[in-house]
Chemist: 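The structure follows.
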Amino acid sequence: MEDIKVLSDKSKSTYFSSIVFLVVVVVITVLLYLYNNYLKNNILDIQNTITTVESSINEVENDKNIQIYRLIQLNKEVIASYESMNNITKYINNLNILEREYNLDFTWFEISKWEISTSVITSTDQELWAAYQKTRDFIKKYREDKKALFDLAFITSVEWMVDMKFNVNFKIKNNLTK
């Protein structure tokens, strides 16, 4: 009889633990269902907010003033380079200063693709080597000048009889946006 009572107590205990387990599973399932609905509602709210922000962004992007501003910002460096390229009078004045400073004669010039091409004549005054010294001083000192508007390219040939004649290519420096 005791065996039956033990079996019956085990069966009641197993029955009770099964019921408790079932209740716990049902409660967890209900809680997970409620949490899932809460998350779905949050996702919908966030999606609505994103849609509202995207429509606001589209309205702003369609504004002509904003489009122009964005184009200006994207092309700021190109615009600045064209502004500096339009300083032709500044470059001509600089060539005039170079003529006086180094006692040279620029016979012509051409500005194209950020480069100034010109022909230089240095004349011999009374000394036989005066043209050579003027040319040498110009090439050396101008390349060493940190404030120069141009970079002096390599001089490929020099014609020398009484006067020295040579072609010069100046590359316009990119830091002329001031």
Chemist: In sequence, state the C-alpha distance, the side-chain angles, and the governing distance for F170 and L98, and then conclude on side chain to side chain contact (heavy atoms under 4.5 Å, CB included).
Modeler: CA-CA 12 Å; F170 293 108; L98 291 177; 4.1 Å; yes
Chemist: How long is the span from the CG atom in L71 to the CD1 atom in I79, to the nearest 0.5 Å?
Modeler: 8.5 Å
Chemist: Between E99 and F106 (side chain of the first, backbone of the second, donor and acceptor by atom type, cut-off under 3.5 Å), is there such a pair?
Modeler: yes
Chemist: Is there a path from I92 to Y102 through hydrophobic residues (I, L, V, M, F, W, Y) whose side chains come within less than 4.5 Å of each other?
Modeler: yes
Chemist: Measuring from atom CD of Q73 to atom CZ of R70, what distance do you get when rounded to the nearest 0.5 angstrom?
Modeler: 11.0 Å
Chemist: Check whether the ring centres of Y33 and Y38 lie less than 6.0 Å apart, and answer yes or no.
Modeler: no
Chemist: Group every Ile, Leu, Val, Met, Phe, Trp and Tyr by side-chain heavy-atom contacts under 4.5 Å, then state whether F166 and I121 land in the same group.
Modeler: no
Chemist: Counting C-beta onward and ignoring hydrogens, is there a side-chain heavy-atom pair between I155 and I139 closer than 4.5 Å?
Modeler: yes
Chemist: For K171 versus A153, what's the shortest heavy-atom pair and its separation?
Modeler: CE-CB, 4.5 Å
Chemist: CG/N103 to OG1/T135 distance, rounded to the nearest 0.5 angstrom?
Modeler: 10.5 Å
Chemist: Are any side-chain N or O atoms of K165 and backbone N or O atoms of W160, one a donor and one an acceptor, separated by less than 3.5 Å?
Modeler: no
Chemist: Could you check I57, I50, T51 and say which one makes a side-chain contact (heavy atoms from CB on, under 4.5 Å) with V53?
Modeler: I57
Chemist: Between CD of Q47 and CD of E54, what distance do you get to the nearest 0.5 Å?
Modeler: 10.5 Å
Chemist: So, the side chain of D105 versus the backbone of T107: is there a donor-acceptor pair under 3.5 Å, distance only?
Modeler: no
Chemist: Flag the pair F109 / Y91 as yes when their ring centroid distance falls below 6.0 Å, and as no otherwise.
Modeler: no
Chemist: Could you tell me whether a side-chain N or O of N62 sits under 3.5 Å from a main-chain N or O of N58, the two making a donor and an acceptor?
Modeler: yes
Chemist: If only atom types and distance count, is the side chain of D145 paired as donor or acceptor with the main-chain N or O of K141 below 3.5 Å?
Modeler: no
Chemist: Can you list the steps and then say if T156 with F154 is a side chain to side chain contact (heavy atoms under 4.5 Å, CB included)?
Modeler: CA-CA 6 Å; T156 56; F154 184 75; 4.1 Å; yes
Chemist: Could you tell me whether a side-chain N or O of R143 sits under 3.5 Å from a main-chain N or O of D151, the two making a donor and an acceptor?
Modeler: no
Chemist: Can you list the steps and then say if L149 with K90 is a side chain to side chain contact (heavy atoms under 4.5 Å, CB included)?
Modeler: CA-CA 9 Å; L149 290 179; K90 184 177 185 178; 4.2 Å; yes
Chemist: Looking at CG of N36 and CG of N41, how far apart are the two atoms once the value is rounded to the nearest 0.5 Å?
Modeler: 10.0 Å
Chemist: Quick one: do F138 and Y132 end up in the same hydrophobic cluster if we chain Ile, Leu, Val, Met, Phe, Trp and Tyr together by side-chain heavy atoms under 4.5 Å apart?
Modeler: yes
Chemist: Within the structure provided, determine whether R100 and I97 are in side-chain contact (heavy-atom separation under 4.5 Å).
Modeler: yes
Chemist: Will you find, in the side chains of S117 and N169, an N or O donor that is under 3.5 Å from an N or O acceptor?
Modeler: yes
Chemist: Starting from L32, can I reach V24 by hopping between I/L/V/M/F/W/Y residues whose side chains sit under 4.5 Å apart?
Modeler: yes
Chemist: Hey, quick one: are I28 and V20 part of the same hydrophobic cluster, counting side-chain heavy atoms closer than 4.5 Å, chains of contacts allowed?
Modeler: yes
Chemist: Side-chain contact test, heavy atoms from C-beta onward, threshold under 4.5 Å: evaluate it for T122 versus D163 and give yes or no.
Modeler: no
Chemist: From I111 CD1 over to E115 CD, what is the distance, rounded to the nearest 0.5 angstrom?
Modeler: 11.0 Å
Chemist: Show your working on side chain to side chain contact (heavy atoms under 4.5 Å, CB included) between S123 and M164 and close with a plain yes or no.
Modeler: CA-CA 6 Å; S123 55; M164 291 186 94; over 6 Å; no
